[in-house]
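Throughout, residue positions are numbered sequentially from 1 according to the sequence presented.
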Amino acid sequence: MLGGFLASPANLDNAELARGYYNRYLELDPTNSQVRMTVAYDLARQGDPLGGLEIIEAGVAVDPSNIDFHEQAGNFAFAGAEAVLREARVDGSDGVTPEVRELYGKAIASYETVFEEKGDEMLVTQLRNVVAAQHTLGNLDEAISFGERAIASHPDEPSLRDTYARALKDAGRIPEAVTALVAIEEIDPDWPNLHLRMGSWLIEIGQIDEAVPALQAAVMKGSTPDAAANMIFNYAYTTFFAPTEGKNLPRFIELIGLAKDFELSGEVRQQYEFYHGYALLTQAITVQEAMTAESANRSLPMFREAGSHFERGKGYVDRTAGLEYQQFATNVTDYIEIQDAVIARANRGR
């Protein structure tokens, strides 16, 4: 026993040697479940969950009806999978190696056995581990299905609903994921990043009007106004402003107005003002192309408003390479003069 402790990762960092000593110790009394679990726990606590798993799996082989063995096996397999996953992700990959898959699979199987036996007495962390493991393995249907069973056993546990919501979201079932977040709000309205995620997911499916109250709530709970507003702005920019096909400047202007309703920092507000002005200028140029009194009367206030936005956004223009404030100011002035001339000409013709 002492040899295993001294050789452990916490001391000499020789996991193989530690396992050998511990196994020799267990040979003295292989059917003593309490001793086996204590030894396995010590190995895991000292930084070798896979060694603990090996010892517990031997216990399962001796006594497969011992539910405590299955519980510890699930704990050690999950901890081992997480450790191997972190190490495998160092190279930038997803880290889901065959070893990680095997360990998560063992954890899931063990936890399922425990759940069948304990039901709603099973620890929430273990239930959450199953959903997380299935999620990481890409088994989203299984993660969702087990999440539903877990929530049924612990309906007032927000962490289970949170893990379940993430699985729904990644499965593309975003409206249902939002519903899961709403359920968390009813249990714990102060759940971390709850409203910010709710707003983000609603924006992702284009439900901006529903997203705004969620983002406002997020700000009240401590999220920065800039972070909340940027979600609206980024969606508006990529969906309605940037595309060559499907550009929708009126909708972009409407949404940037919603983003500007937040208490923004100076630089972010200047950025929004510039894009608001640019969108109005572009829209007004199209309106005035008919060169009639009607088109001039429609576009003139748009050009004037664009000029005001450019003035308020000058700071953003000045610090952005490739932009020159005077160019925009001159364009606005020239178009305003043209519209004035068109209107004056039409009045003389009367």
Centroid separation under 6.0 Å, is that true for the rings of F310 and Y278? no

Taking the six-membered ring for Trp, is the centroid-to-centroid distance between F146 and Y164 below 6.0 Å? no

Evaluate the side-chain proximity of [Y] to [X]: yes if any heavy-atom separation is below 4.5 Å, no if none is.
X	Y	answer
R312	Q270	no
L215	M231	yes
L323	F274	yes
I285	F303	yes
E54	F76	no
R149	V130	no
L103	F78	no
L181	W191	no

What residue among D340, D334, T333, I338 forms side-chain contact (heavy atoms from CB on, under 4.5 Å) with I336? D340

Is it true that [X] and [Y] make a salt bridge, defined as a side-chain N closer than 4.0 Å to a carboxylate O?
X	Y	result
K221	D190	yes
E204	R197	no
E176	K169	no
D318	K314	yes

What's the spacing between L281 CG and F328 CZ if we round to 0.5 Å? 8.0 Å

CG/N193 to CG/D162 distance, rounded to the nearest 0.5 angstrom? 9.5 Å

Heavy-atom pair of closest approach, residues L168 and A180: CD1-CB, 4.4 Å

Does NZ or CZ of K247 come closer than 6.0 Å to the centre of the six-membered ring of F241, within 45° of the ring's axis? yes

Give me the ring orientation class for F252 and Y275: parallel if the planes are under 30° apart, tilted from 30 to 60°, perpendicular past 60°. perpendicular

Please work out which of the three classes, parallel, tilted or perpendicular, describes the rings of H276 and H309, given edges at 30° and 60°. parallel

Looking at Y335, I want to see if its OH is surrounded by more than 12 non-hydrogen atoms of other residues, nucleotides or ligands under 6.0 Å. no

Carefully, step by step, assess R161 and E185 under the rule salt bridge (Lys or Arg N to Asp or Glu O under 4.0 Å). CA-CA 10 Å; R161 293 182 184 273; E185 184 178 30; over 6 Å; no

